[in-house]
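Protein chains get the first letters and strands the later ones, always in sequence-line order, with residue 1 at the start of each.
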Amino acid sequence: MLSFMLKRIAQLIPVFIGATLLVYFLVFATPGNPIDALSGGKPMSDATRAALEAQYNLDKPFWVQYGLYLKNLVTFDLGTSFSGQEVSALLGRAFPVTARLAILALLIESVFGIIFGVIAGMRKGKWFDSTILVASLIVIAVPTFVLGFVLQFVVGVKLDLVKPTVSGAATWGELFLPALVLGLVSLAYVVRLTRTSVIENKSADFVRTATAKGLSRRRVITVHILRNSLIPVVTFLGADLGSLMGGAIVTEGIFNVPGVGHLLYQAIQKGETPTVVAVVGVLVIVFVVANLVVDMLYALLDPRIRYA
Amino acid sequence: MTETATPKPLLEIKDLAITFSTPDGPVHAVRDANFTVMPGETVAIVGESGSGKSTSALAAIGLLAGNGSVSSGQILFDGEDISHASEKRFVELRGNHIGMVPQDPMSNLNPVWKIGFQVKETLKANGLAGDNPKQRVTQILADAGLPNPEARAGQYPHEFSGGMRQRALIAIGLACRPRLLIADEPTSALDVTVQQQILDHLDTMTSELGTAVLLITHDLGLAAERAEKVVVMYKGQVVEYGPALDILRNPQHPYTKRLISSAPSLSAQRGDKHEAIVDEIVPGKAEPLLKISNLTKVFDIRKGFGRKEKFTAVDNVSFEIPKGTTTAVVGESGSGKSTIAQMVLNLLDKTSGEITFDGEQIGNLSEKKLFKYRRRVQPIFQDPYGSLDPMYSIFRTIEEPLRIHGIGNAASRQKKVEELLDQVSMPASTMHRFPNELSGGQRQRIAIARALALQPEMIVCDEAVSALDVLVQAQVLDLLDELQREMGLTYLFITHDLAVVRQIADNVCVMERGKIVEQGTADQIFAAPKSQYTRNLLGAIPGASLI
């Protein structure tokens, strides 16, 4: 198990370098000069321009730029933004907000997703199951920004149950509605996945045997159907944590959440390579670590899986 | 009401009818069934799949599938009619009054819980865990004949062999000392010697506990050997019911007669045998088509932390198969017999030794030659459900090898598929159907048609009839025999079932743990087995002593 974990953590290095290189190149190749964006299109003397280009290494060839970036990275220097702020400081402010948002979304989708999924699966073909199937299909089909604006308007403005936007502090309470919006599509997938898995497992031979042993229906469901059905769901949830953090851009935009998505969006607009690459790098690490945790959980849930 | 000296029956099935509602209308799975089980008595229900034997028994423990119900009649357990008992009543009855040992040990234990846990929860659910449940679990596992029960309780099902799992399931079934045990084909998935041990053990345990057993089986020989009374079911009806030996020796119903004549365990004893065709095809001594010499296969088994262990699955095996004959490789699971089949099919690389087919060594064939070799040697696998692609129509399944090997055009291939279906006695209209619409026996016929499509010289049958009911098995074996006579096919027949060997093989190799312990003609092996292992295998065939 230990050697497997070390191997997986070692895999982080090439994945990280590959991802940052790709992002670095994409920002580099984007049309438009970052200096123009910085000056806001105002005329600028050639000397100032050259000085600024030198300051941000923009005058050097691509490989040199990327090499310098990696060199600084080793000393935990993520570079500075065009506004002169340390990227690490920007990230330090935005990351916890998005992490809170994503974790809340993950909690909502796993708790409600699994509960609804199990009930629907056990009552296949009954009204609850049919309702859940239709509702989840609607949620999957409607784009997130539509759902987001509708919920914001209805719950936040008309009903006035929560504040429609998030303050700079971004507390857990304020983040509930954005998290619901963020997790809603995944919630629909979790419901469907759990439902299918439960339906498959409830007709398994070992479930019949468990019933034949004299166990109550409740125990058969919780002990023999649920754990076995969770195996594919856990895989999905783990991979989803990464997507939630990366995919928060739209939700953060709607609710004005000062998170990573917000930061990334602004950085891309300005062509601020260090910030873009840093954000993406962190997201890559989150993604890989989340997948590692999934693999561990997988072995925990299913004893037949052993890593060597 | 008349009081008599005879004891009250424990289970009484009276005019029982069970109906399943399906989209195509109601299906009457059981009609007018009548039989009784006295306390402590063993009653066997015999029949093929779909005969209603399992359905009748499952109704008695309230485990009919969701769309099935008792439509008329009564199930009296200890005088109480439980045919429409509530789920709550069944939860009370199950475990400590009526226990069950299910059919397939591979799928009936929950893979994610330890064996000990699965035994313990049975005790708890029935309020019998006592003060020291752990000790009780160990005792129960020990009683079921599991060696080293304390350590075994801490293991997961996948760490158990099939036989051990079945012992664990027997332990669970008997854990709460039920008065009636429903044993649904408890050993049909196991090797014969293991089957014998387990049934012996079940006999001992149930007679000690005074448990009545309702044994469900498709094997009449086994039923007659183990049960006092036999119920023969056919198409949902009880066609014969009475003392076991009477039925075996003097069957009344034509179906019972057919069942007896095709039961491999019984015919093996009688010595029914197909005719070798060697002499008809090649006068004099036949040339070996396949020659295996010193074949060895070693697997690396990973033990974690980079440690590896060598496992010799096939150990220095040599034999020859003369053209136009059938050679059976017999052994229990883990004996290496299927590994040989896979190496002959070139699906698995050998570690050392030689496989020579028609004078040419295989194993280091070029891609082009391998392609040609594949055309000459075709497989039929065990599982007729898993070995046909469910997304392919029957036509596409049979036509695919022809297309891959570039044989004929669309029209001629269509004709060829029709011919092939005819050869395996399936109507041409089958080609538009899909595997899920066919029965196990029909699917195996399709697998044979696919194997024949390329007009191979040799067919490797890897447990090709093991998953089939006795009657279907007999039909498929007849078909293979007939095809051999017509086309001069050579068979390499891998099986765990000596009874099947008797019906089809000319030569036999008996394998144990990767080695051939005995080889010779089928007559030699059956009439005068030399090794103790072969004698054990022969002795373990159920019903051996009855005829």
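At least one donor-acceptor pair closer than 3.5 Å links the side chain of B:R165 to the backbone N or O of B:P157. Not a single donor-acceptor pair under 3.5 Å links the side chain of B:R136 to the backbone N or O of B:G130. Remark: the backbone N or O of A:S197 is paired with a side-chain donor or acceptor of A:N201 at under 3.5 angstrom. Formation of a donor-acceptor pair under 3.5 Å by the A:T98 side chain with backbone atoms of A:V260 is found in this model.
In this structure, chain A has a heavy atom under 4.5 Å from the side chain of B:L58, while its backbone stays farther away. With a 4.5 angstrom heavy-atom cutoff, B:I172 touches chain A only via side-chain atoms. With a threshold of 4.5 angstrom between heavy atoms, A:V207 does not approach chain B through any atom at all. Only the side chain of B:F117 comes within less than 4.5 Å of a heavy atom of chain A; its backbone N, CA, C and O stay farther away. Contact of B:I182 with chain A is not made at all, since no heavy-atom distance falls under 4.5 Å. If you measure heavy-atom distances from A:A212 to chain B, the contacts under 4.5 Å come from both the backbone and the side chain. Residue B:N110 touches chain A through both its backbone and its side chain, counting heavy-atom pairs closer than 4.5 Å. Both the backbone and the side chain of A:R208 come within contact range of chain B, judged by heavy atoms closer than 4.5 Å. The parts of B:Q118 that come within reach of chain A are both its backbone and its side chain, each placing non-hydrogen atoms under 4.5 angstrom from that chain.
Checked for salt-bridge contact, A:R195 and A:E200 miss the test: no charged N lies under 4.0 Å from a carboxylate O. Salt bridge absent: A:R217 and B:E87 never bring a charged side-chain N and a carboxylate O closer than 4.0 Å.
Residue with the most contacts toward chain A among B:A125, B:S107, B:G95: B:S107 (heavy-atom pairs, distance under 4.5 Å). Taking chain B as the reference chain and counting heavy-atom pairs below 4.5 Å, the highest number among A:V223, A:D205, A:L215 is found for A:D205.
Here the side chains of A:F112 and A:V191 are not in contact, with every heavy-atom distance at 4.5 Å or above. Taking 4.5 Å as the limit, every side-chain heavy atom of B:L181 sits out of range of all side-chain heavy atoms of B:L214.
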